[in-house]
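Structure, as structure tokens:
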Amino acid sequence: QVQLVESGGGLVQAGGSLRLSCAASGRTFSSYAMGWFRQAPGKERELVAAISRSGRTTYYLDSMKGRFTISRDNVKNTAYLQMNSLKPEDTAVYYCAASTRIMVATTSLEYNYWGQGTQVTVSS
């Protein structure tokens with residue numbers, strides 16, 4: 001089992017940047033593929049980005065490509081989501097999640113553990 005704690009959310013102006021962190025504790029972090037999801041009010045939770053156990057393979061929702069970067073540090077047991085050129089429509093609660101899959105996991109059903117989420121608000 002693994003416990004996940006997100007941090008780094010906040011209020012930022014459009015065009016700004018934030019870096020989210022997801023600190024993992026418990027079972028070996030490198031045993032999990034990781035993902036970042038988000039959920040805006042009244043909308044379904046959607047996958048933003050995912051990364052394999054090794055970090056060599058990544059996946060992004062099309063609208064995030066070029067703006068968001070997912071990464072991980074298996075020594076620090078932490079996953080990151082660097083978000084640049086933020087837009088008001090990026091406003092949501094962002095969650096990190098862990099999957100026992102070896103490669104990237106692209107659906108929420110493939111994820112076994114979830115953090116509590118961190119709020120990101122982008123003002124226009």
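Note: hydrogens, waters and symmetry copies are ignored here, and every other heavy atom, side chains too, is used. The structure presented is a predicted model; accordingly, all values stated were derived computationally and were not measured.
Heavy atoms only, all atoms of each residue included: Thr91 and Ala40 are closest at O-CB, 3.6 Å. Between Ser17 and Ser85, the shortest heavy-atom contact is OG-N, 4.3 Å.
The aromatic rings of Phe37 and Trp114 lie tilted to each other, with the angle between the two planes from 30° to 60°.
When hydrophobic clusters are built by joining Ile, Leu, Val, Met, Phe, Trp and Tyr residues whose side-chain heavy atoms come closer than 4.5 Å, directly or via intermediates, Val104 is not grouped with Tyr80. Val2 and Tyr111 sit in two unconnected hydrophobic clusters of ILVMFWY residues. Membership requires side-chain heavy atoms under 4.5 Å apart, directly or through other members.
With hydrogens and angles disregarded, a donor-acceptor distance shorter than 3.5 Å links the side chain of Asn74 to the backbone of Arg53. A donor-acceptor distance shorter than 3.5 angstrom exists from the side chain of Glu6 to the backbone of Cys96, with no hydrogens or angles considered. Between the side chain of Arg38 and the backbone N or O of Val93 there is no donor-acceptor pair closer than 3.5 Å.
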One pair to check against side chain to side chain contact (heavy atoms under 4.5 Å, CB included): Leu11 and Val122. What are the steps and the verdict?
CA-CA 6 Å; Leu11 174 64; Val122 184; over 6 Å; no
Dump the intermediate steps for side chain to side chain contact (heavy atoms under 4.5 Å, CB included) on Leu81 and Val48, then the final yes or no.
CA-CA 9 Å; Leu81 183 68; Val48 172; 4.1 Å; yes
For Asp62 and Lys65, run salt bridge (Lys or Arg N to Asp or Glu O under 4.0 Å): C-alpha distance rounded to whole Å, both residues' side-chain angles, the deciding distance at 0.1 Å, then the answer.
CA-CA 5 Å; Asp62 282 347; Lys65 290 180 180 178; 3.2 Å; yes
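By the 6.0 Å and 45° rule, Arg45 stacks over the aromatic ring of Tyr95. Both tests hold for Arg72 against Phe29: distance to the six-membered ring centre under 6.0 Å, angle to the ring axis within 45°.
Within the model, atoms CE of Met83 and CD1 of Ile70 stand 12.0 Å from one another, a figure rounded to the nearest 0.5 Å.
Side-chain contact between Leu47 and Thr107 is absent, with no heavy-atom pair separated by less than 4.5 Å. Using a 4.5 Å cut-off on side-chain heavy atoms (C-beta onward), Tyr60 and Thr58 make contact. Contact annotation: the side chain of Met34 never approaches that of Ser99 to less than 4.5 Å [non-hydrogen atoms, C-beta and beyond]. Between Asn84 and Phe68, every side-chain heavy-atom pair lies at or beyond the 4.5 Å cut-off. Counting heavy atoms from C-beta outward, Gln116 and Val5 have side chains that stay 4.5 Å or more apart.
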